[in-house]
Protein chains: 2
Amino acid sequence: MSGTNTGVPSLVDAPLAERVPVSEYAACPVTGLLHRLGDKWSLVTLVLLGGRPHRFNELHQRIEGVSQRMLTRTLRALESDGLVRRTVHPTVPPSVEYALTSPGQALLGPLSQVADWAVEHRTDARPTL
Amino acid sequence: MSGTNTGVPSLVDAPLAERVPVSEYAACPVTGLLHRLGDKWSLVTLVLLGGRPHRFNELHQRIEGVSQRMLTRTLRALESDGLVRRTVHPTVPPSVEYALTSPGQALLGPLSQVADWAVEHRTDARPTL
DNA sequence: CTGTATCCGTATAGATACTG
DNA sequence: CAGTATCTATACGGATACAG
């Protein structure tokens, strides 16, 4: 889709400077996003929430192997990135619901394209030896 | 995305003191890919090579701030993932050309979709907690 | 020119135990 | 139920020196 002009430079046909300055990629939003989503639990969390909202313990049970601490950290990070909305119901005991925001939902499409590529080209993470 | 891990490949004997560690993200190819591309230098390297092939020192000069060590590690990792092809011309002094493979080129399209989302939603790299 | 070898500081991930 | 606190292990990134 490199021909589609949205006013936003595309990765494919963007005219690149002779020299890429540090400031442009050190805080590159794309690299930052990939870095965030590339941690161990973010993607599976996003996909589960893409199906329907979940409570904390639901996620904890469905995501095999995740610790409470890591699940909390993952959800807080996704919330801070604006991908997930956290809703506390002041009941006793407390109930917290996590759901995708609208941008979060919108991200799943593009991510699917990358996922398709990954599956098609069998980009298993080989040991990088 | 299941947690089925077929086993950690053995760290076979290599006299190399420095070894790229086996990552924990082998379970999901998509997460593994995002994790790989989310490091500090992979994306800018891919984009530059998407424009045209480069020699080592060209990349070293155009990617401001990268050390020889990190550039080497980045290129080796991309090569191991099948995204980049490394061609050595046996001249004196040696000349090495790096270029995208066909799958590597094909990945830039899907990545652009994610990049568009990132720019549109201003997913700047915020501190992660 | 194209890398390796060593050493080092920091960031991230996880296990376990505890709590409002 | 939904988290924190503490502690540890390891991965990542960088500086510098050296080599084929």
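Residue numbers start from 1 in every chain, and the chains themselves are labelled A, B, ... in the order their sequence lines are given, proteins ahead of strands. What you see is a predicted model, and the numbers here were worked out from it, not measured in a lab.
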- Item | side chain to side chain contact (heavy atoms under 4.5 Å, CB included) between A:Thr45 and A:Tyr98, worked out | CA-CA 10 Å; A:Thr45 303; A:Tyr98 292 94; over 6 Å; no
- Item | Steps toward side chain to side chain contact (heavy atoms under 4.5 Å, CB included) verdict (B:Leu49, B:Leu59) | CA-CA 9 Å; B:Leu49 293 181; B:Leu59 291 171; 4.1 Å; yes
- Task: Could you walk me through whether A:Lys40 and B:His35 pass the side chain to side chain contact (heavy atoms under 4.5 Å, CB included) test, one step at a time?
- Result: CA-CA 8 Å; A:Lys40 197 169 181 177; B:His35 187 72; over 6 Å; no
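D:dC12 atom C1' lies 16 Å from atom CG of B:Leu37, rounded to whole Å. Atom CD of A:Gln68 is separated from atom P of C:dG14 by 15 Å (rounded to the nearest Å). Between B:Leu75 atom CG and C:dG3 atom C1' the separation is 11 Å, expressed in whole Å. Rounded to whole Å, the distance from CZ on A:Arg86 to P on D:dA2 is 10 Å. Rounded to whole Å, the distance from NE2 on A:His60 to P on C:dG14 is 12 Å. Following rounding to the nearest Å, B:Leu71 (CG) and D:dG13 (P) show an atom-to-atom distance of 13 Å. In this structure, A:Arg36 places its CZ atom 13 Å from C1' of C:dA13, rounding to the nearest Å. Spacing between atom CD of B:Gln61 and atom P of C:dG3 amounts to 14 Å, rounded to whole angstrom units.
The phosphate of D:dG3 (OP1 or OP2) has a side-chain N or O of A:Arg76 nearer than 4.0 angstrom. OP1 and OP2 of C:dT12 both lie 4.0 Å or more from every side-chain N or O belonging to A:Trp41. Applying the 4.0 Å criterion to OP1 and OP2 of C:dT2, one finds that B:Arg73 has every side-chain N and O outside that range. Contact annotation: B:Lys40 does not reach the phosphate of D:dC12 (side-chain N/O to OP1 or OP2, under 4.0 Å). In this structure, B:His35 reaches the D:dC12 phosphate: one of its side-chain N or O atoms is under 4.0 Å from OP1 or OP2.
The base of D:dG13 lies close enough to the side chain of B:Arg69 for a donor and an acceptor atom to sit less than 3.5 Å apart.
Residues B:Ala118 and A:Pro29 approach most closely at CB-O, 4.2 Å, considering heavy atoms.
Comparing A:Tyr98 and B:Met70 by the nucleotide of DNA chain D whose heavy atom lies nearest to each, the residue mapping closer to the 5' end is A:Tyr98. Annotation: of the two residues near DNA chain C, A:Pro93 and B:Val88, the 5′-most nearest-nucleotide partner is B:Val88. Nearer the 5' end of DNA chain C, as judged by each residue's closest nucleotide, is the contact made by B:Arg55, out of B:Arg55 and B:Thr72.
Comparing C:dG14, D:dG3, C:dG20 against the side chain of A:Pro94 picks out C:dG20 as the nearest. Nearest to the side-chain atoms of A:Asp39 among the listed nucleotides D:dG3, D:dG13, C:dA13 stands C:dA13.
Backbone-only contact: A:Ser95 has heavy atoms under 4.0 Å from sugar-phosphate atoms and none from a base.
If you take CG on B:Leu46 and CD on B:Gln105, they are separated by 10.0 Å, rounding to the nearest 0.5 Å.
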